[in-house]
Amino acid sequence: MKNIKLSLIALFVLLSGITFSQKITLLEGDLSFLKGEKFLNIEYDYSKCAVGKFKTEAEYLDKKTAEYNEKEAGKGDAWRESWVGDRQGKFEPMFEELFNKNTGKLDLYTGNEKVAKYKMIVRTTFVEPGFNVYVTKKPASIDLIIDFVEVANPDKIICTIVSKKNPGRTMGYNDMDTGIRISESYALAGKKLGAFITKNVGK
């Protein structure tokens with residue numbers, strides 16, 4: 001059931017014709033090294049991530065956990081576990097699904113099981129969780145820095161792409177859950193990155 005829901009969200013983002021304000025920029029290097037490659041390993045890094053008005057994710061998690069636990073014993077701990085669990089349960093699968101759909105023309109695919117010459121490190125630098133309280137709502141949003149390295153030489157960065165202001169929202173009230181909103185952001189970021197690579201890999 002969860003996989004069906006993720007696929008439906010991915011389809012919504014894939015087919016959406018709405019223009020968002022996200023920006024994607026090739027900061028350093030070029031993408032020519034990916035020409036002819038079939039697989040691209042992937043790694044995620046959340047270690048230097050600001051959340052909303054908080055400079056670090058740790059500050060945000062500590063405050064929200066304490067607030068929820070004060071209202072109901074154990075609620076904050078469960079919320080914190082869900083926040084972290086959504087990375088592998090929602091965000092990363094959505095990012096990869098939309099990325100792969102948009103690099104199909106290159107026959108280039110990413111995933112954690114693939115053995116490849118190159119790897120991209122997806123670093124989340126900012127998360128705006130957003131909110132939906134019926135009468136008003138604010139989309140989630142994420143900023144990413146994507147570094148490309150050789151698997152055999154991970155300390156040497158070949159190329160860097162910056163992807164900013166990737167909004168996450170759904171139609172109606174389907175995004176009451178923070179994880180759903182943020183997973184939309186990762187889906188859009190994956191879609192835009194895949195399209196950007198497809199467009200620029202031969203240049």
Side-chain angles (χ1 to χ4, degrees), residues 1-16 18 20-22 42-99 110-113 121-146 162-193:
M1 185 67 181
K2 183 175 74 173
N3 290 335
I4 293 175
K5 182 181 287 187
L6 290 176
S7 295
L8 289 174
I9 294 172
L11 181 62
F12 173 78
V13 174
L14 184 66
L15 298 178
S16 175
I18 300 172
F20 298 105
S21 60
Q22 76 278 3
I42 188 166
E43 176 184 323
Y44 296 91
D45 184 351
Y46 305 91
S47 63
K48 296 181 180 179
C49 177
V51 180
K53 63 181 181 180
F54 296 86
K55 291 183 179 180
T56 67
E57 184 184 44
E59 292 178 56
Y60 173 75
L61 293 180
D62 288 345
K63 180 174 175 56
K64 295 292 287 186
T65 300
E67 288 177 349
Y68 283 131
N69 278 338
E70 187 174 347
K71 293 178 181 179
E72 180 184 330
K75 182 177 180 180
D77 299 315
W79 171 85
R80 188 181 191 121
E81 184 177 344
S82 178
W83 173 277
V84 176
D86 280 344
R87 295 172 181 173
Q88 290 188 341
K90 296 177 181 175
F91 307 159
E92 295 167 14
M94 291 295 290
F95 182 88
E96 292 171 33
E97 182 175 348
L98 270 293
F99 178 89
T110 191
N112 292 324
E113 298 93 22
I121 305 172
V122 180
R123 308 183 192 277
T124 303
T125 58
F126 176 75
V127 174
E128 168 52 58
F131 56 83
N132 185 341
V133 290
Y134 294 103
V135 294
T136 183
K137 61 194 299 185
K138 179 180 181 179
S141 182
I142 60 169
D143 292 349
L144 305 174
I145 295 177
I146 303 100
V162 176
S163 179
K164 303 189 71 174
K165 298 181 179 179
N166 297 279
R169 54 192 166 198
T170 64
M171 298 175 66
Y173 296 104
N174 296 325
D175 62 353
M176 299 292 288
D177 177 73
T178 302
I180 294 295
R181 290 195 299 273
I182 299 175
S183 67
E184 286 280 306
S185 292
Y186 279 94
L188 182 63
K191 172 185 175 181
K192 291 299 179 181
L193 179 63

Specify the closest pair of heavy atoms between [X] and [Y], including all atoms of both residues, with the distance to one decimal.
X: D143; Y: K164; value: OD1-CA, 3.4 Å
X: P93; Y: R87; value: CD-O, 4.0 Å
X: L188; Y: P167; value: CD2-CD, 3.4 Å
X: S185; Y: G168; value: OG-N, 3.1 Å
X: D62; Y: R80; value: OD1-NH1, 3.0 Å
X: K191; Y: L98; value: N-CB, 3.7 Å

In Å and rounded to the nearest 0.5 Å, what is the [atom1] to [atom2] distance from [X] to [Y]?
X: N166; Y: E184; atom1: CG; atom2: CD; answer: 11.5 Å
X: E92; Y: D86; atom1: CD; atom2: CG; answer: 10.5 Å
X: K53; Y: E59; atom1: NZ; atom2: CD; answer: 11.0 Å
X: I145; Y: I121; atom1: CD1; atom2: CD1; answer: 11.5 Å
X: E128; Y: I182; atom1: CD; atom2: CD1; answer: 8.5 Å
X: K90; Y: I180; atom1: NZ; atom2: CD1; answer: 4.5 Å

- For the side chain to side chain contact (heavy atoms under 4.5 Å, CB included) test, which of I142, T110, V122 pairs with F95? V122
- Task: Just do the side-chain contact (heavy atoms from CB on, under 4.5 Å) check on I146 and S163 with the steps written out, would you?
- Result: CA-CA 8 Å; I146 303 100; S163 179; 4.1 Å; yes
- Message: Is there a side-chain contact between W83 and E57 in this structure, where contact means two heavy atoms from C-beta onward sitting under 4.5 Å apart?
- Response: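 Side chain of W83 against side chain of E57, heavy atoms only: contact under 4.5 Å found.
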- Task: List in chain and number order the residues that pass side-chain contact (heavy atoms from CB on, under 4.5 Å) with K63, two or more places apart in sequence or in another chain; answer none if no residue qualifies.
- Result: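 Scan of K63 (side-chain contact (heavy atoms from CB on, under 4.5 Å), adjacent residues dropped) gives F54, E67.
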- Item | Residue pair Y46, V127: steps toward the side-chain contact (heavy atoms from CB on, under 4.5 Å) verdict | CA-CA 10 Å; Y46 305 91; V127 174; over 6 Å; no
- Query: Is the Y60 ring parallel, tilted or perpendicular to the W79 ring (thresholds 30°, 60°)?
  - Reply: perpendicular
- Message: Parallel, tilted or perpendicular: which one describes the rings of F91 and Y186, with boundaries at 30° and 60°?
- Response: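 Plane angle under 30°, so parallel.
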- So, does N69 use its side chain to make a donor-acceptor pair with the main chain of G76 at under 3.5 Å? yes
- In terms of heavy-atom contacts, does CD of Q88 have more than 12 from other residues, nucleotides or ligands at under 6.0 Å? no
